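Remarks on the structure that follows.
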Amino acid sequence: MRKGIYSRVCTHPPVISNAILSSTRSLMAIFVSPHFFTTFATSATLTNSESEQEEEDEEGFNTSCGVIQEKDFLRKTQNGKLHLLDLIDNDRMEPDAALYNKLLNKCTQMSKLKEGRMVHTHFLNSQFKHYQVIQNTVLNMYAKCGSLEEARRVFDEMPTKDMVTWTALITGYSQNDRPEEALVLFPPMLRLDLKPNHFTFSSLLKASAARPSDREGRQIHGFCLKYGYDLNVYVGSALVDMYARCGYMNEAMFVFDGMISKNEVSWNALIAGYARKDEGENAVQLFMEMQRKDFKPTHFTYSSVFTGCASTGALEQGKWVHGHMIKSGLKLIAFVGNTLLDMYAKSGSIEDAKKVFDRLIRRDVVSWNSMLSACAQHGLGKETVERFEEMLRIGVEPNGIAFLCVLTACSHAGLLDKGQYYFELMKKYLVEPDVSHYVTIVDLLGRAGRLDLAERFIKEMPIEPTAAVWGALLGACRMHKNMELGAYAAERVFELDPYDSGPHVLLSNIYASAGRWSDAAKVRKMMRESGVKKEPACSWVEIENVVHLFVANDDAHPQREDIRKMWEEISARIKEIGYVPDTSHVLLFVDQQERETKLQYHSEKLALAFALLNAPPGSTIRIKKNIRVCGDCHTAFKFVSKLLDREIILRDTNRFHHFRGGFCSCGDYW
DNA sequence: AAATCCTGTC
């Protein structure tokens with residue numbers, strides 16, 4: 001869908017970021033219930049998830065419940081201390097069946113497991129203990145409060161189970177990230193001749209969406225059709241989501257288009273699907289379309305659209321969506337705030353990302369991680385470390401991702417000792433390193449030139465090294481021109497992941513820079529024979545709300561002649577101030593002259609020439625690339641930033657490069 | 001008198 005990005009005009013106005021950020025509304029109201037349920041809820045500190053629920057229904061009981069009247073509750077509880085169950089016992093009031101249901105549902109809604117257990121116990125001692133409906137409600141309460149084991153026990157002990165019983169348990173597993181256990185319940189339920197309905201199917205689809213394969217999902221889809229629930233809006237949305245998560249956007253779109261009634265959730269599922277696939281432009285288009293059709297974007301929508309904008313790095317678009325959210329009056333709750341922060345960071349505006357972070361009233365671990373990641377990506381190694389230290393100081397528990405961010409920052413900034421220190425610190429915080437942490441340490445040691453230590457580290461690591469681990473060593477070998485160890489590392493990568501083009505390219509680069517062209521050729525032959533393909537490189541640049549996309553040697557662009565002339569001129573002028581084309585990255589058996597020509601039209605150079613022609617004079621140029629920037633382009637960009645006194649920000653797959661005055665923020669590590 | 005779908009950091 002990259003083609004969709006190509007020179008598409010975005011039909012929205014640009015918005016100035018400072019204006020947006022200064023008016024960013026702050027966060028959610030703290031959830032305070034004026035009713036007796038504050039007492040009922042005990043003195044529990046409210047967790048994030050509860051207090052950030054927007055527009056929480058705080059009603060308590062406003063209707064009379066059988067023999068106990070509302071006024072009885074209010075009178076007894078306004079003096080503060082009396083517990084609900086004490087109230088029932090002490091006053092010897094008998095709740096009726098409906099009251100048990102209401103109490104249980106209130107516990108479910110407020111996620112109060114302990115109180116739920118007490119109501120359950122009380123219910124078991126009542127005359128209604130055989131009521132199936134209430135047993136189902138009990139089951140549901142345990143499942144929703146996350147205690148699947150208790151839910152299961154209720155289920156197992158129920159003498160008769162109806163379809164709701166089964167569905168409630170399926171939903172419980174499905175909502176608590178246990179998709180396999182949800183799915184295995186379906187066949188026995190069918191064998192008992194219980195007819196699934198739209199409740200059952202939406203939960204089953206959610207469970208199958210969490211599975212890596214689309215196999216179960218497609219089967220459930222078949223059952224939906226058979227039982228005639230495919231047109232239900234919940235089932236439809238779940239189907240859209242299931243296909244979208246499995247990566248089948250065409251099928252997701254097909255189901256979506258076939259839905260007779262849609263709601264916001266249906267749109268959100270589709271938009272989230274495109275955002276996950278890095279098709280930000282499609283996400284934004286759908287965001288606009290849903291509003292044309294009178295659907296109101298929710299937090300889910302904004303969250304996904306920001307993620308989409310982050311993927312394309314479309315800063316102006318992202319700002320526009322941000323402005324839209326402010327106007328709509330939705331609050332900046334943590335979930336959305338974190339995606340917003342991430343969007344600004346990934347679009348190249350670390351300043352705006354910091355502003356969002358500063359304006360968040362409550363920061364959860366993901367907010368911190370997003371900020372750490374932003375700093376690390378922008379080459380602010382020292383600041384990443386400082387922020388990480390601050391995070392520890394104020395008592396935010398770092399998780400694996402937090403450590404990964406700080407380790408990456410240390411690696412890129414060449415902070416060898418600090419990196420090793422933080423790796424050790426993981427033990428203290430009881431964070432188990434996964435393979436990505438090991439990769440980063442290999443990278444850290446390797447970049448610092450300690451190839452010997454890196455190799456030993458791999459040999460001694462407690463888990464089996466993956467292709468990525470050896471790949472990190474290979475990258476370091478290329479950087480430090482160690483052919484022998486590089487070839488060894490490459491062999492290991494080929495064994496473990498024969499289809500990745502990266503190591504082949506790296507290895508041939510190592511050979512090429514040593515002038516061993518026949519070895520380089522062998523690697524290329526290997527690539528051809530094993531069917532390994534290098535991902536086509538492309539770069540894009542956003543100018544006045546239009547995203548322009550370039551591929552290497554692009555000769556289809558309307559301005560191709562001007563672009564070519566521009567780069568030739570620039571190229572000549574930077575050569576005068578010291579630029580020497582580095583042709584070792586070009587793996588072609590051609591003479592020097594021709595290799596230089598090939599290099600000239602790498603997509604990022606085309607994008608830069610185009611931006612110099614079309615962007616407002618003196619403005620910062622922001623270019624994105626879908627693979628890592630090549631060494632020659634990196635050098636050329638440094639010279640251009642000096643020659644024209646122009647700031648250039650290049651985003652590649654790993655990080656940002658801020659070019660200014662002849663230097664790059666990455667310090668030539670990348 | 002019960003049960004359902006969509007969001008974040010690597």
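Basis for what follows: all heavy atoms, side chains included, without hydrogens, waters or symmetry-related copies. Just so it is clear, the structure is predicted and the values come from calculations on it, not from any experiment. Chain letters run A, B, ... following the sequence lines, proteins first and then strands; every chain starts at 1.
- The side chain of A:Asn399 lies closest to B:dT9 when the candidates are B:dT9, B:dC5, B:dA2.
- Residue A:Gln135 places none of its side-chain N or O atoms closer than 4.0 Å to OP1 or OP2 of B:dA1.
- Note on A:Thr307: only backbone sugar-phosphate atoms sit closer than 4.0 angstrom, heavy atoms only; bases stay farther off.
- Closest contact between the side chain of A:Ala238 and the listed nucleotides B:dA3, B:dT7, B:dC5 involves B:dC5.
- B:dT7 atom C1' lies 12 Å from atom CE of A:Met325, rounded to whole Å.
- Nucleic acid contact for A:Lys144: sugar-phosphate only, since backbone atoms but no base atoms lie under 4.0 Å from a heavy atom of the residue.
- Proximity of the aromatic rings of A:Tyr302 and A:Phe287 is defined here by a centroid distance below 6.0 angstrom, and this criterion is met.
- Distances shown here put every side-chain N or O of A:Arg363 at or beyond 4.0 Å from the OP1 or OP2 atom of B:dT9.
- A:Met158 has its CE atom 10 Å from the C1' atom of B:dA2, to the nearest Å.
- The existence of a salt bridge linking A:Arg211 and A:Glu180 is confirmed by a sub-4.0 Å separation between a basic side-chain nitrogen and an acidic carboxylate oxygen.
- At B:dC5, none of the side-chain N or O atoms of A:Arg245 fall inside 4.0 Å of OP1 or OP2 (strictly under the cut-off).
- Salt-bridge check for A:Glu383 with A:Arg387: passed, with a basic side-chain N closer than 4.0 Å to an acidic carboxylate O.
- Each of B:dT9, B:dA3, B:dC6 was ranked by its minimum atom distance to the side chain of A:Ala272; first place goes to B:dC6.
- A:Ser436 comes within contact range of no nucleotide atom at all, as no heavy-atom separation falls under 4.0 Å.
- With hydrogens and angles left out, the side-chain atoms of A:Glu281 and A:Gln317 include a donor and acceptor closer than 3.5 Å.
- Side-chain atoms of A:Ile401 lie closest to B:dC10 of the nucleotides B:dT4, B:dC10, B:dA3.
- Between A:Leu139 atom CG and B:dA1 atom P there is a gap of 20 Å when expressed in whole angstrom units.
- For A:Ala269, counting side-chain heavy atoms from C-beta on, the closest listed nucleotide (B:dT7, B:dC10, B:dC6) is B:dC6.
- Counting any heavy atom pair closer than 4.0 Å across all strands shown, A:Asn232 reaches no nucleic acid atom.
- A:Lys346 has a side-chain polar atom (N or O) that falls below the 4.0 Å cut-off from OP1 or OP2 of B:dC10.
- To the nearest angstrom, C1' of B:dA2 lies 12 Å from CG of A:Asn197.
- The side chain of A:Tyr234 lies closest to B:dC5 when the candidates are B:dT7, B:dA2, B:dC5.
- Contact annotation for A:Ser370: backbone-only contact, meaning every heavy-atom pair under 4.0 Å involves sugar-phosphate atoms and none involves a base.
- The side chain of A:Gln377 lies closest to B:dC10, out of B:dT7, B:dC10, B:dA2.
- Atom-to-atom, CG of A:Asp241 to P of B:dT7 comes out at 5 Å; the value is rounded to the nearest Å.
- Between the side chain of A:Ser202 and the base of B:dC5, no donor-acceptor pair under 3.5 Å is found.
- One cannot find a donor-acceptor pair under 3.5 Å joining the base of B:dA1 and the side-chain atoms of A:Asn136.
- Comparing atom distances between the A:His198 side chain and each of B:dT9, B:dT4, B:dT7 picks out B:dT4 as nearest.
- Rounded to an integer number of Å, the gap from A:Met259 CE to B:dT4 C1' is 13 Å.
- Comparing B:dT9, B:dC5, B:dT7 by their closest approach to the side chain of A:Asn263 singles out B:dC5.
- Residue A:Asp434 is out of contact with every strand shown, counting any heavy-atom pair closer than 4.0 Å.
- OP1 or OP2 of B:dC10 lies within a sub-4.0 Å distance of a side-chain N or O belonging to A:Ser373.
- Residue A:Met163 places its side chain closer to B:dA3 than to any other of B:dA3, B:dT7, B:dT4.
- Side-chain N/O atoms of A:Gln175 include one lying less than 4.0 angstrom from OP1 or OP2 on B:dC5.
- Rounded to an integer number of Å, the gap from A:Phe306 CZ to B:dT7 P is 16 Å.
- A salt bridge links A:Arg245 with A:Asp241: at least one charged nitrogen is closer than 4.0 Å to a carboxylate oxygen.
- Taking 4.0 Å as the cut-off between side-chain N and carboxylate O, A:Glu150 and A:Arg117 count as a salt-bridged pair.
- Ionic pairing of A:Arg218 and A:Glu251 is present here: one or more N-O contacts between side-chain nitrogen and carboxylate oxygen are shorter than 4.0 angstrom.
- Protein atom CE of A:Met290 is 10 Å distant from nucleotide atom C1' of B:dC6, rounded to whole Å.
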